[in-house]
Protein chains: 2
Amino acid sequence: MPLRPHKVTRLKDVAERAGVSTATVSRVLNDHGPASEEARSRVLRAVQDLDYHPNWLARSLRGRRTNTIGLVLPDIENPFFTSLVKGVEQAASAQGWNVIFCNTDEDIRREEALVRTLIDRKIDGLILCPTAGPHDYMAPYMERRLPVVTVNRALRDFPLPAVTSDNLQGAYEATRHLLAKGMRRLALILGTPNLSTTEDRLAGCRRAAQEFGLAPEDLLLTVGHARTAQGFQAAQDCLDMSPRPQAIFAFNNLMAEAALMAIHRRRIRCPADIALIGFDDFRSAAALTPPLTVVEQNPAGIGTRAVKELTRIIATGEATQALHLIPTRLIIRASCGCTAPAA
Amino acid sequence: MPLRPHKVTRLKDVAERAGVSTATVSRVLNDHGPASEEARSRVLRAVQDLDYHPNWLARSLRGRRTNTIGLVLPDIENPFFTSLVKGVEQAASAQGWNVIFCNTDEDIRREEALVRTLIDRKIDGLILCPTAGPHDYMAPYMERRLPVVTVNRALRDFPLPAVTSDNLQGAYEATRHLLAKGMRRLALILGTPNLSTTEDRLAGCRRAAQEFGLAPEDLLLTVGHARTAQGFQAAQDCLDMSPRPQAIFAFNNLMAEAALMAIHRRRIRCPADIALIGFDDFRSAAALTPPLTVVEQNPAGIGTRAVKELTRIIATGEATQALHLIPTRLIIRASCGCTAPAA
DNA sequence: GGTCCAGGTGTAAAGGATTACATAAAGCAC
DNA sequence: GTGCTTTATGTAATCCTTTACACCTGGACC
């Protein structure tokens, strides 16, 4: 028995059953152009009877519009991006848009291939979180004026609109919080170099340091590359410094968790011996011992905002180079040495 | 300036440039049917020169094949499903398939709407994790012989192939582990009722209990509905029992974490006063205090296996009702009262 | 009664690929 | 030279909708 992958009821069948032409059926269904009450009701009736559903492929081919946007992210397993996906999905489906999602695994070549595939599939627009590396491949698409919005990370090579957290402000507030408690030896575990997120966060730390009269080089820098293993290593490097830093500020969720594990492993007390703050909240942050103080981001908000901006570009045809900053919030739990507010 | 959402180079343009017919171009490009070396090279050259990329919509419309599978899951924010998505994506793209992913939020009506949309979009097959509730809406699709594979949860109403964890065996081993340590008062925090996962896991617990001479009713049951808030409540109920259970077995990751928080909140010591085991490992499980003993599942493996099965069904046209069990593994950390093996 | 307009409808041409079928040329055996 | 097969190619139909255009009818108006 062969599978019948595609439906067989066609617009033509509806037309025949209703005793009208295909044009009339189409006009009724799309509410586009005139149609008598008589014809309208007969068409609707026929659609019901036959359980007709339009062929999306034919419709898109003819209409040059797929109502689909592509979403290309580095790592879906990072809960930050997971929530971003969800935000995008909800905002998109609320407006009748579909989303095709892809994973680059932080591989620029894979990113290029995925974007290519999505464009071949005639997406109407693209939401992209660019991987580190040169984005020359984007040039032809830019000329074609493909609607693109970048999220989380801004791309310097091309003038594209970007929706990101207010990384500078978030890092500034976290750093200021530690400095205000009198700490002066602060160690930072940086994310992937040359990414706008890493640089903006570092700039925020530096601004706070300056306000408290520290020189830029007073901040102790290690590089964790945003991944658990390297974050763990970087945290160990911090703990090996002498004198030991009074606080560690890890630039993402994975590294903050890794840092806490490194601290536990050494049997150093947190926050008594060393304070810890992470960038980006995550589900388990409050369940850890001690509960983690973090800079909360709003990934779903970034997603919905990106959809909003993208659909605007698609509708109006005018792209701006605007940078949309989504606010962050410092969530004070116990790991920074404060007692958490009543839970 | 209007946006040009679609590319303009057509097969016809390639044909003209190469000085051959469209049929020849198509034959060369798809390696389907004969073509002289002369024609072949000229076509390939023209494709290069014009940077031609076939229109996927037209190709799919004509070919009655989209090389796309739909993936419908309850909750992408649960890391279990996140990994499952990743597994599906990798397996699919390795075989040249695309994936459209959707979220039901455990809402059966939304599930129905999403499946409808995917079918309208002419997916070649569907991977579905069914939400609790009656699946009558599936009947017409079954008649149409749409290739479907369910994952994680089996659907009883319809004879569909399913790929799930070996839930019974996993729960059996975890329970046996606790019983073997001499514990007898075991509290279970169950997931959503009427789901095959919940029932299979419960069956596993019962089998172990029976082997150790316990009656089924000796197992202390609470219902957490698989969510954090209700899991927390259920854990509190467990802690309120008197005498207090010697161990809690939470039927998913969220509820295990919630249970640990409830234990901490009461200042009860884990594992000294009460042991804890969770079903499903998650990123932070090892970072918690104490590190959580869990039944590890293999969500990515479930995903790849589902893709394999689905593509087989699409290719051969023959669907079976087979149940594919993916093994689980008990990861012993500290929360069950054992000292974790050297990390 | 003739003109104009509006509303309603149908015919046929896109949209861009694949492919059944027809045709032509070439190779080979007799 | 004839007939048959094989290879290469082109023409046109097909997939299913949307929509430009032409047409027709009937009413309003002069």
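Quick note on labels: first sequence line is chain A, next is B, and so on, each numbered from 1.
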(request) Please tell me which of the listed nucleotides, C:dG10, D:dA8, C:dT11, lies nearest to the side chain of A:Arg27? (result) C:dG10

(request) Measure the distance from CG on A:Asp31 to P on D:dT18 and round it to the nearest whole Å. (result) 13 Å

(request) Take the protein atom CG of A:Asn67 and the nucleotide atom P of D:dT18, then report the distance between them rounded to whole Å. (result) 12 Å

(request) Going by the side-chain contact (heavy atoms from CB on, under 4.5 Å) test, name the single residue among B:Ile127, B:Val307, B:Leu128, B:Leu126 that passes it with B:Leu71. (result) B:Ile127

(message) One thing to verify: whether A:Asp105 and B:Lys86 come together as a salt bridge, which I'm taking to mean a side-chain N less than 4.0 angstrom from a carboxylate O.
(response) yes

(request) Choose from D:dT9, C:dT11, C:dT18 the nucleotide whose nearest atom is closest to any side-chain atom of B:Arg62. (result) C:dT18

(request) Check each residue of residues 39-48 of chain B for a non-hydrogen atom within less than 4.0 Å of any atom in DNA chain C, then write out the ones that pass by number, or none. (result) none

(message) What's A:Pro34 touching, base or sugar-phosphate or nothing? Going by heavy atoms closer than 4.0 Å.
(response) base

(message) Could you check whether any side-chain heavy atom of A:Thr150 comes within less than 4.5 Å of a side-chain heavy atom of A:Phe158, counting everything from C-beta outward?
(response) no

(message) For a quick check under 3.5 Å, do A:Thr82 and B:Glu77 share a side-chain donor-acceptor pair by atom type?
(response) no

(request) Starting at atom CD of B:Glu16, determine the distance to atom P of D:dG10, rounded to an integer number of angstrom. (result) 12 Å

(message) How long is the straight-line distance from CZ of B:Arg45 back to CG of B:Leu50, given to the nearest 0.5 Å?
(response) 11.0 Å

(request) Would you mind reading off the distance between B:Leu29 atom CG and C:dT19 atom P, rounded to a whole angstrom? (result) 13 Å

(request) Please state whether the phosphate of C:dA17, meaning OP1 or OP2, lies under 4.0 angstrom from any side-chain nitrogen or oxygen of B:Tyr52. (result) yes

(message) Please report the end-to-end axis angle for the helix from C:dG1-D:dC30 to C:dC30-D:dG1, five pairs per end, rounded to 10 degrees.
(response) 60°

(message) By nearest atom, which of the nucleotides D:dG10, D:dA8, D:dT17 is closest to the A:Arg10 side chain?
(response) D:dT17

(request) Between D:dT11, D:dT17, D:dT18, spot the one nearest the side chain of B:Thr22, thanks. (result) D:dT11

(request) Output the single nucleotide from D:dG10, D:dT17, C:dG15 whose closest atom is nearest the side chain of A:Leu61. (result) C:dG15

(request) For the pair B:Tyr137 and B:His135, name the ring-plane relationship: parallel under 30°, tilted 30 to 60°, perpendicular over 60°. (result) tilted

(request) For B:Ala35, report the nucleic acid contact type (base, sugar-phosphate, nothing); a contact means any heavy atom under 4.0 Å. (result) sugar-phosphate

(message) Side chains of B:Asn98 and A:Arg121: any donor to acceptor distance under 3.5 Å?
(response) yes

(message) Counting only side-chain nitrogens and oxygens, does A:Arg64 get under 4.0 Å of the OP1 or OP2 atom of C:dG16?
(response) yes

(request) Flag the pair B:Arg116 and B:Glu112 as a salt bridge only when some basic side-chain nitrogen lies within less than 4.0 angstrom of an acidic carboxylate oxygen. (result) no

(request) Counting heavy atoms from C-beta on, name the nucleotide in D:dC16, C:dT18, C:dA17 closest to the side chain of A:Asn55. (result) D:dC16

(message) Of the listed nucleotides (D:dA8, D:dC16, D:dT18), which one gets closest to any side-chain atom of B:Ser36?
(response) D:dA8

(request) Grab the NZ-C1' distance between B:Lys12 and C:dG15 for me, whole Å please. (result) 11 Å

(message) For B:Thr304 and B:Gln90, which I'm curious about, is there any donor-acceptor pair between the side chains at under 3.5 Å?
(response) no

(message) Distance check needed: C:dA14 C1' versus A:Arg65 CZ, whole Å only.
(response) 19 Å

(request) Drop me the distance from A:Cys102's SG to B:Glu89's CD, to the nearest 0.5 angstrom. (result) 6.0 Å

(request) Write down the distance between NE2 (B:His32) and C1' (C:dT18), rounded to a whole number of angstrom. (result) 9 Å

(message) Rounded to whole Å, how long is the line connecting atom CZ of A:Arg59 with atom C1' of C:dA14?
(response) 17 Å

(request) Examine the side chains of A:Arg305 and A:His324 and answer whether a donor and an acceptor come within less than 3.5 Å of each other. (result) yes

(request) Counting heavy atoms from C-beta on, name the nucleotide in C:dA17, C:dT19, C:dG10 closest to the side chain of A:Ser21. (result) C:dG10

(message) Once you apply a heavy-atom cut-off of 4.0 Å, does B:Thr24 come out as touching a base, just sugar-phosphate, or nothing?
(response) sugar-phosphate

(request) Hey, which sits more toward the 5' end of DNA chain D by its nearest nucleotide, B:Ala58 or B:Glu38? (result) B:Glu38

